[in-house]
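Reading through the C-alpha coordinates given below for one structure.
Counting starts at 1 for both ligands and their atoms, following the listed order.
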Amino acid sequence: MADRKKLRTILDSLTPRESTVEKLNMDPIAFPGRYPDLPDREVVALIAASFAFGKVTAIMGAVEQVLAPLGPSPATTLQITKQSDLKKLYPDFRYRFMSHEGLVAFLSGIREILLTSGRLSAHVRKDAPVESADNLFRELLSGSGNEIALRSSNLLADPKRGGPAKRWMLFLRWMVRNKFPDFGIWNHLISPSRLIIPLDTHVLRISRYLGFTMKTSPSMKVAREITEALAQFSPADPLQFDFALAHMGIDGICPRNRGLRRCDICPLQEFCLEGRMAGNIESKAGRDFQ
Ligand code: SF4
(Lines give C-alpha, C1' and ligand atoms only; values in the text may rest on other atoms or scores of the structure.)
Protein backbone atom coordinates (compact mmCIF):
# COMPACT_ATOMS: atom_id res chain seq x y z
CA MET A 1 0.00 0.00 0.00
CA ALA A 2 2.84 2.38 0.86
CA ASP A 3 4.42 1.60 -2.52
CA ARG A 4 1.17 2.32 -4.29
CA LYS A 5 0.89 5.61 -2.45
CA LYS A 6 4.39 6.58 -3.51
CA LEU A 7 3.80 5.67 -7.16
CA ARG A 8 0.54 7.61 -7.05
CA THR A 9 2.41 10.67 -5.76
CA ILE A 10 4.98 10.38 -8.55
CA LEU A 11 2.33 10.00 -11.26
CA ASP A 12 0.50 12.96 -9.79
CA SER A 13 3.66 15.06 -10.00
CA LEU A 14 3.86 14.22 -13.73
CA THR A 15 0.27 15.35 -14.36
CA PRO A 16 -0.13 18.88 -15.78
CA ARG A 17 -1.62 21.70 -13.71
CA GLU A 18 -3.18 24.97 -14.80
CA SER A 19 0.15 26.60 -13.89
CA THR A 20 1.96 24.41 -16.43
CA VAL A 21 -0.56 24.92 -19.21
CA GLU A 22 2.22 25.24 -21.80
CA LYS A 23 2.58 21.46 -21.48
CA LEU A 24 -0.62 21.21 -23.49
CA ASN A 25 0.74 23.11 -26.49
CA MET A 26 1.93 19.91 -28.09
CA ASP A 27 -1.20 17.89 -27.38
CA PRO A 28 -4.37 17.90 -29.50
CA ILE A 29 -6.40 18.79 -26.38
CA ALA A 30 -5.13 22.33 -27.00
CA PHE A 31 -7.65 22.70 -29.87
CA PRO A 32 -10.98 22.35 -28.03
CA GLY A 33 -9.54 24.59 -25.31
CA ARG A 34 -9.56 27.46 -27.81
CA TYR A 35 -13.37 27.38 -28.20
CA PRO A 36 -15.39 28.66 -25.21
CA ASP A 37 -18.84 27.81 -26.61
CA LEU A 38 -19.77 24.24 -25.74
CA PRO A 39 -21.25 23.18 -29.13
CA ASP A 40 -17.97 24.26 -30.77
CA ARG A 41 -15.84 22.66 -28.07
CA GLU A 42 -17.59 19.31 -28.56
CA VAL A 43 -17.18 19.40 -32.33
CA VAL A 44 -13.56 20.53 -32.21
CA ALA A 45 -12.77 17.88 -29.59
CA LEU A 46 -14.26 15.16 -31.80
CA ILE A 47 -12.25 16.39 -34.78
CA ALA A 48 -8.97 16.81 -32.85
CA ALA A 49 -9.22 13.48 -31.02
CA SER A 50 -10.12 11.71 -34.26
CA PHE A 51 -6.88 12.93 -35.83
CA ALA A 52 -4.73 11.87 -32.87
CA PHE A 53 -2.64 9.35 -34.75
CA GLY A 54 0.90 9.84 -36.04
CA LYS A 55 3.56 12.29 -34.91
CA VAL A 56 2.38 15.13 -32.68
CA THR A 57 3.65 17.89 -34.99
CA ALA A 58 1.85 16.28 -37.95
CA ILE A 59 -1.37 15.89 -35.92
CA MET A 60 -1.29 19.54 -34.85
CA GLY A 61 -0.76 20.63 -38.48
CA ALA A 62 -3.58 18.42 -39.80
CA VAL A 63 -6.10 19.64 -37.21
CA GLU A 64 -5.16 23.26 -37.94
CA GLN A 65 -5.87 22.57 -41.61
CA VAL A 66 -9.28 21.10 -40.83
CA LEU A 67 -10.32 23.85 -38.42
CA ALA A 68 -9.12 26.92 -40.32
CA PRO A 69 -11.92 26.90 -42.96
CA LEU A 70 -14.55 26.36 -40.23
CA GLY A 71 -13.88 29.78 -38.68
CA PRO A 72 -14.54 30.90 -35.10
CA SER A 73 -17.64 28.69 -34.69
CA PRO A 74 -17.10 25.29 -36.35
CA ALA A 75 -20.47 23.98 -35.10
CA THR A 76 -22.33 26.85 -36.77
CA THR A 77 -20.26 26.68 -39.95
CA LEU A 78 -20.92 22.96 -40.32
CA GLN A 79 -24.66 23.43 -39.90
CA ILE A 80 -24.93 26.16 -42.52
CA THR A 81 -22.55 24.63 -45.07
CA LYS A 82 -24.00 22.15 -47.55
CA GLN A 83 -22.12 18.93 -48.13
CA SER A 84 -21.33 20.00 -51.70
CA ASP A 85 -19.77 23.18 -50.34
CA LEU A 86 -17.84 21.29 -47.65
CA LYS A 87 -15.98 19.54 -50.45
CA LYS A 88 -14.78 22.87 -51.75
CA LEU A 89 -13.28 23.81 -48.38
CA TYR A 90 -10.71 21.00 -48.49
CA PRO A 91 -9.70 20.49 -52.12
CA ASP A 92 -6.18 19.18 -51.42
CA PHE A 93 -6.58 17.72 -47.94
CA ARG A 94 -4.71 14.53 -47.14
CA TYR A 95 -3.42 13.19 -43.81
CA ARG A 96 -1.94 9.69 -43.71
CA PHE A 97 -4.84 7.29 -44.50
CA MET A 98 -7.35 10.16 -44.39
CA SER A 99 -8.38 11.38 -47.84
CA HIS A 100 -10.28 14.47 -48.86
CA GLU A 101 -13.38 12.30 -49.38
CA GLY A 102 -13.03 10.70 -45.94
CA LEU A 103 -12.72 14.07 -44.24
CA VAL A 104 -15.81 15.42 -46.01
CA ALA A 105 -17.75 12.26 -45.05
CA PHE A 106 -16.67 12.69 -41.42
CA LEU A 107 -17.63 16.37 -41.28
CA SER A 108 -20.91 15.63 -43.06
CA GLY A 109 -21.72 13.02 -40.41
CA ILE A 110 -21.08 15.57 -37.65
CA ARG A 111 -23.15 18.11 -39.59
CA GLU A 112 -26.12 15.74 -39.76
CA ILE A 113 -25.93 15.13 -36.03
CA LEU A 114 -25.75 18.87 -35.29
CA LEU A 115 -28.69 19.65 -37.57
CA THR A 116 -31.00 17.57 -35.39
CA SER A 117 -30.22 19.45 -32.17
CA GLY A 118 -27.16 21.69 -32.40
CA ARG A 119 -25.19 19.69 -29.84
CA LEU A 120 -23.40 16.34 -29.91
CA SER A 121 -24.17 15.91 -26.22
CA ALA A 122 -27.92 15.99 -26.89
CA HIS A 123 -27.61 12.49 -28.35
CA VAL A 124 -25.50 10.79 -25.72
CA ARG A 125 -27.35 7.82 -24.25
CA LYS A 126 -26.62 8.07 -20.55
CA ASP A 127 -26.64 4.42 -19.60
CA ALA A 128 -24.98 3.06 -22.73
CA PRO A 129 -21.59 1.30 -22.67
CA VAL A 130 -18.79 3.67 -23.64
CA GLU A 131 -16.73 1.41 -25.90
CA SER A 132 -17.77 3.06 -29.14
CA ALA A 133 -19.62 5.89 -30.78
CA ASP A 134 -22.11 3.26 -31.93
CA ASN A 135 -23.22 2.81 -28.35
CA LEU A 136 -23.52 6.42 -27.36
CA PHE A 137 -24.97 7.79 -30.59
CA ARG A 138 -26.77 4.64 -31.70
CA GLU A 139 -30.01 6.23 -32.90
CA LEU A 140 -28.16 8.73 -35.00
CA LEU A 141 -25.58 6.37 -36.36
CA SER A 142 -28.01 3.72 -37.47
CA GLY A 143 -30.24 4.04 -40.46
CA SER A 144 -29.64 7.71 -41.15
CA GLY A 145 -26.65 7.46 -43.45
CA ASN A 146 -24.35 8.91 -40.80
CA GLU A 147 -22.81 5.55 -39.99
CA ILE A 148 -21.75 5.05 -43.58
CA ALA A 149 -20.35 8.57 -43.74
CA LEU A 150 -18.47 8.30 -40.47
CA ARG A 151 -17.19 4.77 -41.09
CA SER A 152 -15.99 5.58 -44.58
CA SER A 153 -13.86 8.31 -43.08
CA ASN A 154 -11.87 5.73 -41.05
CA LEU A 155 -12.02 8.23 -38.19
CA LEU A 156 -14.28 6.22 -35.92
CA ALA A 157 -13.18 2.83 -34.65
CA ASP A 158 -15.13 -0.28 -35.54
CA PRO A 159 -15.88 -1.96 -32.19
CA LYS A 160 -16.30 -5.34 -33.90
CA ARG A 161 -12.55 -5.45 -34.56
CA GLY A 162 -11.72 -5.52 -30.84
CA GLY A 163 -9.26 -2.64 -31.07
CA PRO A 164 -8.83 -0.22 -28.17
CA ALA A 165 -10.74 2.61 -29.93
CA LYS A 166 -8.03 4.94 -28.66
CA ARG A 167 -9.19 8.13 -30.38
CA TRP A 168 -12.80 7.67 -29.26
CA MET A 169 -11.65 7.04 -25.67
CA LEU A 170 -9.48 10.14 -25.84
CA PHE A 171 -12.48 12.20 -26.95
CA LEU A 172 -14.54 10.82 -24.07
CA ARG A 173 -11.77 11.53 -21.55
CA TRP A 174 -11.70 15.18 -22.64
CA MET A 175 -15.49 15.49 -22.50
CA VAL A 176 -16.17 13.56 -19.29
CA ARG A 177 -13.35 14.11 -16.77
CA ASN A 178 -13.88 17.39 -14.96
CA LYS A 179 -10.33 17.83 -13.74
CA PHE A 180 -7.55 19.64 -15.57
CA PRO A 181 -6.57 19.24 -18.38
CA ASP A 182 -9.96 17.78 -19.38
CA PHE A 183 -13.19 19.74 -19.82
CA GLY A 184 -15.85 17.72 -18.01
CA ILE A 185 -18.77 19.06 -20.04
CA TRP A 186 -20.32 15.57 -20.24
CA ASN A 187 -19.64 14.81 -16.60
CA HIS A 188 -23.37 14.81 -15.86
CA LEU A 189 -23.97 12.28 -18.65
CA ILE A 190 -21.21 9.74 -18.03
CA SER A 191 -19.39 8.92 -14.82
CA PRO A 192 -15.56 9.24 -15.11
CA SER A 193 -15.37 5.85 -13.39
CA ARG A 194 -16.76 4.26 -16.60
CA LEU A 195 -14.06 5.63 -18.88
CA ILE A 196 -11.52 3.31 -20.51
CA ILE A 197 -7.95 4.41 -21.10
CA PRO A 198 -7.09 5.70 -24.59
CA LEU A 199 -4.54 2.99 -25.27
CA ASP A 200 -1.74 4.03 -27.60
CA THR A 201 1.74 2.55 -27.96
CA HIS A 202 3.22 4.89 -25.33
CA VAL A 203 0.60 4.09 -22.71
CA LEU A 204 0.85 0.36 -23.43
CA ARG A 205 4.65 0.37 -23.16
CA ILE A 206 4.88 2.42 -19.95
CA SER A 207 1.99 0.43 -18.43
CA ARG A 208 3.91 -2.76 -19.12
CA TYR A 209 7.04 -1.35 -17.51
CA LEU A 210 5.00 -0.47 -14.41
CA GLY A 211 3.37 -3.90 -14.25
CA PHE A 212 -0.18 -2.81 -15.14
CA THR A 213 -0.24 -5.45 -17.93
CA MET A 214 2.02 -8.09 -19.46
CA LYS A 215 0.49 -7.75 -22.93
CA THR A 216 2.36 -6.33 -25.89
CA SER A 217 -0.51 -5.78 -28.36
CA PRO A 218 -3.19 -3.12 -27.91
CA SER A 219 -6.82 -4.22 -27.69
CA MET A 220 -9.99 -3.25 -25.85
CA LYS A 221 -9.32 -6.09 -23.42
CA VAL A 222 -5.86 -4.74 -22.59
CA ALA A 223 -7.23 -1.18 -22.31
CA ARG A 224 -9.69 -2.48 -19.72
CA GLU A 225 -6.95 -4.35 -17.85
CA ILE A 226 -4.79 -1.21 -17.59
CA THR A 227 -7.81 0.89 -16.61
CA GLU A 228 -8.57 -1.56 -13.81
CA ALA A 229 -4.97 -1.33 -12.58
CA LEU A 230 -5.20 2.47 -12.58
CA ALA A 231 -8.54 2.34 -10.78
CA GLN A 232 -6.62 1.04 -7.75
CA PHE A 233 -5.18 4.54 -7.41
CA SER A 234 -8.43 6.33 -8.01
CA PRO A 235 -11.60 4.24 -8.49
CA ALA A 236 -13.77 7.27 -9.21
CA ASP A 237 -11.35 8.64 -11.79
CA PRO A 238 -9.17 5.87 -13.26
CA LEU A 239 -7.90 8.05 -16.12
CA GLN A 240 -6.40 10.60 -13.75
CA PHE A 241 -2.87 9.66 -14.84
CA ASP A 242 -3.50 8.95 -18.52
CA PHE A 243 -1.94 12.23 -19.63
CA ALA A 244 1.17 11.57 -17.48
CA LEU A 245 1.65 8.04 -18.85
CA ALA A 246 1.12 9.05 -22.48
CA HIS A 247 3.44 12.04 -22.24
CA MET A 248 6.29 9.95 -20.83
CA GLY A 249 6.54 8.65 -24.39
CA ILE A 250 5.19 11.61 -26.37
CA ASP A 251 7.57 14.10 -24.75
CA GLY A 252 10.55 11.79 -25.12
CA ILE A 253 11.09 11.31 -21.37
CA CYS A 254 10.92 7.56 -21.96
CA PRO A 255 11.58 6.94 -25.66
CA ARG A 256 11.16 3.49 -27.19
CA ASN A 257 14.89 3.42 -27.93
CA ARG A 258 16.60 2.20 -24.74
CA GLY A 259 19.85 3.94 -25.65
CA LEU A 260 18.13 7.34 -25.52
CA ARG A 261 16.57 6.88 -22.07
CA ARG A 262 17.81 8.50 -18.84
CA CYS A 263 16.43 5.96 -16.37
CA ASP A 264 18.87 7.23 -13.72
CA ILE A 265 16.98 10.52 -13.47
CA CYS A 266 13.46 9.17 -14.21
CA PRO A 267 11.09 9.55 -11.25
CA LEU A 268 9.48 6.19 -12.10
CA GLN A 269 12.69 4.17 -11.98
CA GLU A 270 12.12 2.26 -8.75
CA PHE A 271 8.69 1.10 -9.98
CA CYS A 272 9.76 0.34 -13.54
CA LEU A 273 10.82 -3.12 -14.74
CA GLU A 274 13.00 -1.60 -17.48
CA GLY A 275 14.38 1.06 -15.16
CA ARG A 276 15.39 -1.61 -12.66
CA MET A 277 17.32 -3.48 -15.31
CA ALA A 278 18.97 -0.27 -16.47
CA GLY A 279 19.91 0.76 -12.94
CA ASN A 280 20.35 -2.74 -11.50
CA ILE A 281 18.02 -1.94 -8.58
CA GLU A 282 15.16 -3.85 -7.06
CA SER A 283 11.90 -2.82 -8.71
CA LYS A 284 8.58 -2.47 -6.97
CA ALA A 285 6.69 -2.85 -10.24
CA GLY A 286 4.19 -5.62 -10.60
CA ARG A 287 3.86 -6.17 -6.88
CA ASP A 288 0.67 -4.30 -6.20
CA PHE A 289 -0.69 -3.34 -9.56
CA GLN A 290 -1.19 -6.39 -11.75
S1 SF4 B 1 12.78 4.22 -15.62
FE2 SF4 B 1 13.54 4.26 -17.74
S3 SF4 B 1 12.30 2.75 -18.85
FE4 SF4 B 1 11.25 3.20 -16.89
S5 SF4 B 1 9.76 4.79 -17.39
FE6 SF4 B 1 11.63 5.81 -16.67
S7 SF4 B 1 12.82 6.23 -18.55
FE8 SF4 B 1 11.27 4.70 -19.06
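- Near Cys254, meaning under 4.0 Å from one of its heavy atoms, ligand 1 places the atoms 3 (S), 5 (S), 7 (S), 8 (Fe).
- With Phe31 as the fixed residue, the side-chain contact (heavy atoms from CB on, under 4.5 Å) test singles out one of Ile59, Ile47, Val63: Val63.
- Interface atoms of ligand 1 facing Cys263, defined by a heavy-atom separation under 4.0 Å, are 1 (S), 2 (Fe), 3 (S), 7 (S).
- Close approach to Cys266 involves these atoms of ligand 1, each under 4.0 Å from a residue heavy atom: 1 (S), 5 (S), 6 (Fe), 7 (S).
- Glu42 and Trp186 are linked by a side-chain donor-acceptor pair at a separation below 3.5 angstrom, with hydrogens and angles left out of the test.
- For ligand 1 and Glu274, the ligand atoms under 4.0 Å from any heavy atom of the residue are 3 (S).
- Note on Arg34 versus Glu64: salt bridge recorded, some NZ/NE/NH1/NH2 to OD/OE distance being below 4.0 Å.
- Residue Arg258 places its CZ atom among 12 or fewer non-hydrogen atoms of other residues, nucleotides or ligands, all under 6.0 Å distant.
- Side chains of Ser121 and Arg119: a donor-acceptor N/O pair is present below 3.5 angstrom, by distance only.
- Atom 8 (Fe) of ligand 1 lies at 2.8 Å or more from every N, O or S atom belonging to Cys272.
- Interface atoms of ligand 1 facing Gly275, defined by a heavy-atom separation under 4.0 Å, are 1 (S), 4 (Fe).
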